[in-house]
Amino acid sequence: MEIAQNFMGPLATDTMTRINENGNVVGTIIVNCEGFPETTTLDSLTAATYSTHMRNLSHHATNALKEIDVTDELMVLRLVSKKTEAVVAPDHEFHLIVVMRKA
């Protein structure tokens, strides 16, 4: 979490800590603009897999949304499966990904 605090400020660390306190949260990942996980509470392989795929999905969702309405902007992408749920909050510099167990 040091990287989150150094690059994004103490609020990022506090936010990650608060999110991870939820019992259904498996882990959180902060992905840099190049697609590499900077800070994560997951193991490195899982974080890299989620980072790659969820960043690509959010990029495609942003492009699709822009084709529908150029004035609109993607705020959050939520992917729900039978076992897990992943939420991506994209930003120009970083993406925040939260992976949760289905309740």
Side-chain angles (χ1 to χ4, degrees):
M1 295 227 202
E2 290 176 25
I3 292 174
Q5 187 166 350
N6 292 340
F7 286 105
M8 302 175 76
L11 288 177
T13 307
D14 294 344
T15 301
M16 283 186 72
T17 303
R18 188 173 31 105
I19 290 170
N20 283 312
E21 287 174 356
N22 184 314
N24 291 332
V25 172
V26 175
T28 55
I29 311 163
I30 294 180
V31 184
N32 67 15
C33 60
E34 293 152 359
F36 299 110
E38 290 286 341
T39 303
T40 183
T41 57
L42 298 169
D43 64 271
S44 59
L45 180 61
T46 303
T49 303
Y50 271 103
S51 298
T52 301
H53 295 299
M54 295 308 291
R55 190 170 172 272
N56 287 339
L57 275 174
S58 69
H59 179 70
H60 289 298
T62 298
N63 290 340
L65 189 60
K66 289 293 182 188
E67 286 184 19
I68 295 168
D69 183 358
V70 295
T71 62
D72 213 348
E73 182 181 352
L74 181 69
M75 301 300 289
V76 174
L77 177 65
R78 182 176 172 194
L79 180 69
V80 180
S81 70
K82 286 183 178 180
K83 295 180 181 179
T84 60
E85 181 175 342
V87 179
V88 182
D91 187 56
H92 297 292
E93 294 182 33
F94 294 94
H95 283 51
L96 173 63
I97 301 171
V98 180
V99 181
M100 298 174 276
R101 279 183 222 92
K102 289 279 296 244

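Just so it is clear, the values below take in all heavy atoms, side chains as well, and ignore hydrogens, waters and symmetry mates.
Note that OG1 of Thr84 and CG of Leu79 are 7.0 Å apart. Values are rounded to the nearest 0.5 Å. Summarising the geometry, atom NZ belonging to Lys82 is positioned 10.0 Å from atom NZ belonging to Lys102; distances are rounded to the nearest 0.5 Å. The distance from the OG1 atom of Thr62 to the CG atom of Leu57 is 10.5 Å, given to the nearest 0.5 Å. Atom CD1 of Ile97 and atom NE2 of His53 lie 11.0 Å apart (nearest 0.5 Å). Separating the CG atom in Leu74 from the CG atom in Asp91 is a distance of 11.5 Å, to the nearest 0.5 Å. Separating the CD1 atom in Ile29 from the CG atom in Leu96 is a distance of 9.0 Å, to the nearest 0.5 Å.
Judged purely by atom type and a 3.5 angstrom limit, Arg55 has no side-chain atom pairing as donor or acceptor with the backbone of Pro90. Of the possible polar contacts, one joining the Thr41 side chain to the Thr28 backbone as a donor-acceptor pair under 3.5 Å is found. Without hydrogens or angle criteria, Lys66 side chain to Asp72 main chain gives a donor-acceptor distance under 3.5 Å.
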Does the pair Asn63 and His59 meet the rule for a side chain to side chain donor-acceptor pair (under 3.5 Å), with working shown?
CA-CA 6 Å; Asn63 290 340; His59 179 70; 3.3 Å; yes

Where do Tyr50 and Val26 land on the side-chain contact (heavy atoms from CB on, under 4.5 Å) test, with the steps shown first?
CA-CA 12 Å; Tyr50 271 103; Val26 175; over 6 Å; no

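Follow the hydrophobic side-chain contacts under 4.5 Å out from Val87 and you never reach Leu65; the two are in separate clusters. A continuous path of hydrophobic side-chain contacts links Val99 to Leu77 [ILVMFWY only; heavy atoms under 4.5 Å]. When hydrophobic clusters are built by joining Ile, Leu, Val, Met, Phe, Trp and Tyr residues whose side-chain heavy atoms come closer than 4.5 Å, directly or via intermediates, Leu42 is grouped together with Val88. By the criterion of side-chain heavy atoms lying less than 4.5 angstrom apart, applied directly or through intervening Ile, Leu, Val, Met, Phe, Trp or Tyr residues, Met75 is not grouped with Val70; the two fall into different hydrophobic clusters. Transitive grouping of hydrophobic side chains (ILVMFWY, heavy atoms separated by less than 4.5 Å) keeps Val80 and Met100 in distinct clusters.
Here the shortest heavy-atom pairing between Ala47 and Thr40 reads CB-OG1, 3.6 Å. When all heavy atoms of Ser51 and Val31 are compared, the closest pair comes out as OG-CG2, 3.4 Å.
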